[in-house]
Amino acid sequence: MTKVSMDDIVSLCKRRGFIFQSSEIYGGINGFWDFGPMGVALKNNIKKFWWQSMVQFRDDVAGVDTSIIAHPTTWQASGHIDCFSDPMIDCKTCKGRFRADHLETSTCLNKPSQSPKTCGGELTEARAFNLMFKTFVGANQDSSSEAYLRPETCQSIFTQFKNVVTTSRHKVPFGIAQIGKSFRNEITPRNFIFRSREFEQMEMEFFVKPDPAIQEEWYQYWCQTRYQWYSALGIRADHLHKREHAKDELAHYAKGCTDVEYDFPFGCSELEGIANRGNYDLTQHMTFSKKDMNYFLQETGEKFVPAVIETSAGCDRTLLTVLCDAYHVDEVEGESRVVMRFAPHIAPISVAILPLSKKLAEPAQKLEKSLRTKFATDYDDSGSIGKRYRRQDEVGTPFCITYDFDSETDGHVTVRHRDTTQQERVSLDNIKSYLEERIEYKAI
Ligand code: GAP
């Protein structure tokens with residue numbers, strides 16, 4: 001089993017065009033990342049798979065795409081203006097700024113081998129630092145035009161709850177899902193894309209009747225369903241965990257919360273939270289907006305503010321998980337190779353077409369064009385076939401098709417499997433269905 005380090009992942013991401021430091025030519029900007037050609041393809045596939053699983057393949061979840069900047073009262077109602085802060089400590093000696101609860105694992109700016117706790121620098125008392133990014137809307141830059149970049153995507157799901165209810169035929173219990181950017185001015189962004197200042201969330205709020213037994217049933221259902229989703233993404237079960245929060249970890253209104261966690265190279269950490277939040281969120285927005293958030297259940301004549309089960313996943317953390325889990329080093333014909341064992345349905349490139357000789361460019365390109373409307377393809381004719389296989393292994397392409405001189409006469413191509421490196425001849429007439437069978441995700 002390959003033991004992967006964060007250095008391995010960062011280096012592969014740069015080398016193969018998955019992830020680059022943002023504004024690298026200007027020295028970078030801490031906590032921001034850019035996704036290259038392989039990274040954006042992988043990320044899009046993860047988001048697509050989440051959307052299919054949470055919206056498309058279900059009949060009880062609707063999707064939305066809301067604005068990043070919302071009315072500032074949204075953040076008063078949600079509690080973010082008053083409470084969304086981390087404890088921050090300054091060091092008067094090295095001028096570093098650290099999260100008080102991360103002191104032990106932080107690095108002194110003057111003595112990088114030591115933490116701010118042990119370096120002997122003079123530390124201030126901890127004080128609250130609000131994590132929301134502030135901006136101004138319109139031409140005036142005063143307190144009346146202040147607004148915030150959203151720190152989570154879910155609040156506009158709550159504020160649009162009534163509009164979705166009245167414009168769709170969904171009835172409680174049902175959910176509203178959204179994928180989108182969130183921003184947090186993290187004091188110490190760290191571990192590559194694990195904790196960044198700009199990231200994407202994949203959130204779903206599932207509205208149910210506020211009844212403890214019904215809430216508990218759906219909460220358990222979503223804990224199970226969300227955990228299984230990571231297996232369907234190809235993540236090894238022995239690296240995935242569910243951790244139920246202790247009572248003293250819960251927000252005062254929450255009835256339960258479970259994290260899905262993954263064994264990253266830097267330790268076991270949260271990927272997603274599933275929470276039974278009661279009807280706190282809708283009630284808060286009802287109070288602040290003075291708009292009725294009650295739901296009328298026609299069958300029974302009951303009127304209530306629905307309770308919510310939330311599933312809140314980080315897209316970038318999922319991407320990092322997929323990268324760490326897929327990274328393997330093995331040996332092929334006496335040579336070491338790095339191979340990314342992505343599940344075929346999320347691999348950035350599904351199939352690469354490699355002509356054995358440049359003389360075969362015309363039919364090989366024709367084949368690639370015929371496959372490209374259905375699959376993510378790559379065409380590579382440079383270097384030896386061995387080198388081309390290695391390049392595809394490093395970006396996790398599950399199938400390479402070699403077009404050779406025999407293909408011209410026997411109508412067959414060689415399909416090489418990434419994980420086993422085994423090869424087989426497949427008829428050109430059947431190649432599409434052969435690949436479809438092996439690449440497309442089959443919903444259970
Ligand atoms: N609406 C609930 C909510 O936002 P959260 O635990 O703060 O809950 C949910 O965030 C998920 O968003 C986390 O499990 C993580 O995957 C992702 N996330 C949060 N902060 C992040 C950051 N600074 N960088 C990358 N991902 C982050």
Side-chain angles (χ1 to χ4, degrees), residues 19 22 29-33 35 39 43 46-47 50 54 64 66 68 70 74-75 77-80 83-86 99 101-102 129-133 148-159 175-206 222-223 226-227 229-230 233 235 240-243 245 249-251 253-254 256-262 264 266 268-278 280-282 284-285 308-324:
I19 302 168
S22 170
I29 171 165
N30 198 7
F32 298 91
W33 300 95
F35 294 85
K43 205 176 190 203
I46 291 170
K47 289 194 280 188
W50 186 89
M54 298 296 283
V64 291
T66 68
I68 284 170
T74 309
W75 310 111
S78 67
H80 282 82
C83 305
F84 192 56
S85 54
D86 278 337
R99 247 176 82 165
D101 53 339
H102 287 174
F129 173 76
N130 194 292
L131 299 185
M132 281 198 294
F133 279 100
Y148 301 90
L149 304 192
R150 67 181 174 201
E152 57 180 18
T153 56
C154 64
Q155 290 304 325
S156 346
I157 293 182
F158 299 129
T159 57
I176 305 178
Q178 157 154 249
I179 299 177
K181 290 264 186 182
S182 289
F183 301 82
R184 298 185 187 178
N185 197 2
E186 299 282 357
I187 300 168
T188 42
R190 54 170 66 191
N191 291 324
F192 199 27
I193 58 169
F194 180 83
R195 176 168 288 112
S196 42
R197 289 177 166 142
E198 174 178 339
F199 54 96
E200 273 185 282
Q201 289 186 309
M202 308 184 288
E203 296 200 291
M204 193 275 310
E205 308 299 320
F206 200 78
W222 281 112
C223 285
R226 291 305 305 148
Y227 179 82
W229 184 78
Y230 291 95
L233 201 61
I235 307 301
L240 270 181
H241 311 282
K242 272 195 264 179
R243 186 182 77 80
H245 287 209
E249 282 180 272
L250 295 176
Y253 49 80
C257 185
T258 296
D259 286 346
V260 179
E261 299 182 332
Y262 179 75
F264 289 99
F266 50 83
C268 183
S269 278
E270 175 193 335
L271 273 181
E272 164 160 1
I274 300 106
N276 176 355
R277 299 174 60 90
Y280 176 81
D281 306 281
L282 287 180
Q284 281 295 100
H285 287 298
V308 160
I309 312 300
E310 173 180 81
T311 71
S312 178
C315 180
D316 309 72
R317 281 193 195 174
T318 306
L319 179 75
L320 183 61
T321 304
V322 164
L323 288 166
C324 293

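Side-chain atoms are counted along with the backbone in the values below, which use heavy atoms only and exclude waters and symmetry mates. For ligands, and for the atoms within them, numbers begin at 1 and follow the listed sequence.
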In E200, Q201, E203, the residue satisfying side-chain hydrogen bond (donor to acceptor under 3.5 Å, both in side chains) with S182 is Q201

Sorted by chain and number, sequence neighbours left out, side chain to side chain donor-acceptor pair (under 3.5 Å) with Q155 holds for E152, H285

Put together the list of close N/O pairs, under 3.5 Å, between ligand 1 and the protein, could you?
| residue | atom | partner | partner atom | Å |
| --- | --- | --- | --- | --- |
| ligand 1 | 1 (N) | E152 | OE1 | 2.8 |
| ligand 1 | 1 (N) | E203 | OE2 | 2.6 |
| ligand 1 | 1 (N) | E310 | OE1 | 3.4 |
| ligand 1 | 1 (N) | E310 | OE2 | 3.2 |
| ligand 1 | 4 (O) | E152 | OE1 | 3.3 |
| ligand 1 | 4 (O) | R184 | NH2 | 3.0 |
| ligand 1 | 4 (O) | Q201 | NE2 | 3.0 |
| ligand 1 | 6 (O) | E270 | OE2 | 3.2 |
| ligand 1 | 7 (O) | R184 | NH1 | 2.8 |
| ligand 1 | 7 (O) | R184 | NH2 | 3.0 |
| ligand 1 | 10 (O) | Q201 | NE2 | 3.4 |
| ligand 1 | 12 (O) | Q201 | NE2 | 3.2 |
| ligand 1 | 14 (O) | E270 | OE2 | 2.6 |
| ligand 1 | 14 (O) | L271 | O | 3.3 |
| ligand 1 | 16 (O) | L271 | O | 2.8 |
| ligand 1 | 16 (O) | G314 | N | 3.0 |
| ligand 1 | 20 (N) | R184 | NH1 | 3.3 |
| ligand 1 | 23 (N) | E186 | OE2 | 2.8 |
| ligand 1 | 23 (N) | S196 | O | 2.8 |
| ligand 1 | 24 (N) | F194 | O | 3.3 |
| ligand 1 | 24 (N) | S196 | N | 3.0 |

Residues at least two apart in sequence or cross-chain that pass ring pair (Phe, Tyr, Trp, His ring centres under 6.0 Å) with Y280, listed by chain then number, are H252, Y253

Result for side-chain contact (heavy atoms from CB on, under 4.5 Å) between I274 and one of F206, Y227, W222 points to W222

By side chain to side chain contact (heavy atoms under 4.5 Å, CB included), I29 pairs with (sequence neighbours left out) S22, S23, F32

- [ ] On the 0 to 90° scale, with breaks at 30° and 60°, tag the Y262-F264 ring pair as parallel, tilted or perpendicular.
- [x] perpendicular

